[in-house]
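All values below come from the heavy atoms of this structure, side chains included, with hydrogens, waters and symmetry mates left out.
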Amino acid sequence: MFERLDATDDDLVAVRVGSGTADGYEEFYSLLIERTKQHGSIRVYEEVPDWTATTYLTHLHGIVPDLRYGPEFDIRSYACVGDSLWAKLLYHQWRAIRPIWPVAPDHMRYFHQDNRDDALRWIRTASDRP
């Protein structure tokens, strides 16, 4: 489901996300919980390349883990880097439910894949506030 990227460091978890699976979400959330325990709150950078409608629908697997594990980790900032309508749709849905959803951070931005460097710069600097 996800691949950890080299940009992962300290309180920054950087991943490339493909299709969602229940096991993949459990593994990913274990990483987020571990990093939260180490750093208090974390930043998440996600690349979501080549998403289709099918990829988008597989991420419905994340609803139950969000509710189950959400209280155990704290994402303070989130950058999403994508190249499809489906990735952008999921981002905007997550942003819309942010006030009531347990894992949605206050600081979120979506970047087109061509702006990957801007996304990394933003998640590392503009999101320095706790």
Side-chain angles (χ1 to χ4, degrees):
M1 179 186 116
F2 76 96
E3 167 193 353
R4 195 180 313 195
L5 301 174
D6 290 342
T8 297
D9 185 34
D10 296 328
D11 68 341
L12 174 59
V13 175
V15 294
R16 182 171 296 117
V17 179
S19 295
T21 65
D23 289 343
Y25 268 98
E26 291 208 26
E27 182 182 351
F28 181 52
Y29 286 179
S30 292
L31 174 61
L32 298 180
I33 291 166
E34 172 190 319
R35 291 295 174 112
T36 296
K37 286 179 181 175
Q38 293 171 348
H39 300 285
S41 68
I42 57 174
R43 309 164 209 226
V44 175
Y45 167 91
E46 284 185 345
E47 290 183 2
V48 290
D50 305 319
W51 274 30
T52 64
T54 302
T55 311
Y56 167 84
L57 291 172
T58 65
H59 285 276
L60 295 178
H61 286 289
I63 293 171
V64 172
D66 276 5
L67 296 172
R68 181 175 177 195
Y69 298 111
E72 297 182 50
F73 57 86
D74 180 22
I75 302 172
R76 73 175 183 264
S77 301
Y78 169 76
C80 179
V81 177
D83 62 353
S84 74
L85 167 73
W86 299 105
K88 197 168 193 173
L89 177 62
L90 187 62
Y91 165 81
H92 284 294
Q93 287 175 332
W94 197 32
R95 186 168 175 80
I97 64 172
R98 182 186 54 77
I100 61 166
W101 203 247
V103 301
D106 290 334
H107 306 286
M108 302 173 69
R109 284 194 60 190
Y110 180 87
F111 296 83
H112 188 273
Q113 194 159 344
D114 294 341
N115 298 325
R116 179 183 186 273
D117 292 340
D118 293 338
L120 282 168
R121 188 171 21 266
W122 179 81
I123 199 71
R124 287 182 174 138
T125 60
S127 62
D128 269 338
R129 54 199 168 269

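- Linking Ile, Leu, Val, Met, Phe, Trp and Tyr residues whenever their side-chain heavy atoms come within less than 4.5 Å places Leu32 and Ile63 in a single cluster.
- Residue pairs meeting the side chain to side chain donor-acceptor pair (under 3.5 Å) criterion with at least one member in residues 20-32, sequence neighbours excluded: Tyr25-His59, Glu26-Tyr69, Tyr29-Asp66.
- Looking only at side-chain heavy atoms (C-beta outward), Val103 and Trp94 come within less than 4.5 Å of each other.
- Residues passing the salt bridge (Lys or Arg N to Asp or Glu O under 4.0 Å) test with Asp11, sequence neighbours excluded: Arg43, Arg76.
- Of all non-hydrogen atoms in Asp118 and Arg121, the two that sit nearest each other are OD1-NH2, 2.6 Å.
- With rounding to the nearest 0.5 Å, the separation of OG in Ser84 from NE2 in His112 is 9.0 Å.
- By the rule that hydrophobic residues join a cluster once side-chain heavy atoms approach within less than 4.5 Å of another member, Leu120 and Tyr78 end up as members of separate clusters.
- Nearest heavy atom pair, residue Val81 against residue Ala119, reads CG2-CB, 3.4 Å.
- Nearest heavy-atom pair across Gly82 and Ala87 is CA-CB, 4.4 Å.
- Of all heavy-atom pairs spanning Ala7 and Leu12, the tightest one is O-CD2, 3.4 Å.
- A salt bridge (Lys or Arg N to Asp or Glu O under 4.0 Å) check over residues 77-102, counting only residues at least two apart or in different chains, returns the pairs Arg98-Asp106.
- Grouping the Ile, Leu, Val, Met, Phe, Trp and Tyr side chains by contacts below 4.5 angstrom, directly or via other members, places Met1 apart from Val64.
- Residue pairs meeting the ring pair (Phe, Tyr, Trp, His ring centres under 6.0 Å) criterion with at least one partner in residues 1-21, sequence neighbours excluded, are Phe2-Phe28.
- Between the side chains of Thr55 and Thr52, at least one donor-acceptor pair of N or O atoms lies under 3.5 Å.
- At a threshold of 4.5 Å between non-hydrogen side-chain atoms, the residues Tyr110 and Leu90 do not count as touching.
- Transitive grouping of hydrophobic side chains (ILVMFWY, heavy atoms separated by less than 4.5 Å) brings Phe73 and Trp101 into a common cluster.
- Taken from CZ in Arg124 to CG in Asp9, the straight-line distance is 8.0 Å, to the nearest 0.5 Å.
- For Asp50, there are no salt bridge (Lys or Arg N to Asp or Glu O under 4.0 Å) partners, not counting sequence neighbours.
- In this structure the side chain of Trp51 reaches within 4.5 angstrom of the side chain of Val17, judged on heavy atoms.
- Expressed to the nearest 0.5 Å, how far OG1 of Thr54 lies from CH2 of Trp86 amounts to 9.0 Å.
- In this structure, OG1 on Thr36 lies 4.0 Å from CD1 on Ile42, to the nearest 0.5 angstrom.
- For the atom pair NE2 of His39 and CD of Glu34, the computed distance is 8.5 Å after rounding to the nearest 0.5 Å.
- Of all non-hydrogen atoms in Cys80 and Tyr91, the two that sit nearest each other are CB-CD1, 4.1 Å.
- Note on Val44 and Val48: same hydrophobic cluster, where clusters join Ile, Leu, Val, Met, Phe, Trp and Tyr whose side-chain heavy atoms are under 4.5 Å apart, directly or indirectly.
- Using a 4.5 Å heavy-atom threshold, the side chains of Gln38 and Arg35 count as touching.
- Ser77 places no side-chain N or O within 3.5 Å of a backbone atom of Ile123 that could act as its donor or acceptor partner.
- The NE2 atom of His107 sits 7.5 Å away from atom CH2 of Trp122, with the distance rounded to the nearest 0.5 Å.
- Here Leu5 pairs with Glu3, Ala14, Arg16, Tyr45, Glu47 under the side chain to side chain contact (heavy atoms under 4.5 Å, CB included) rule; sequence neighbours left out.
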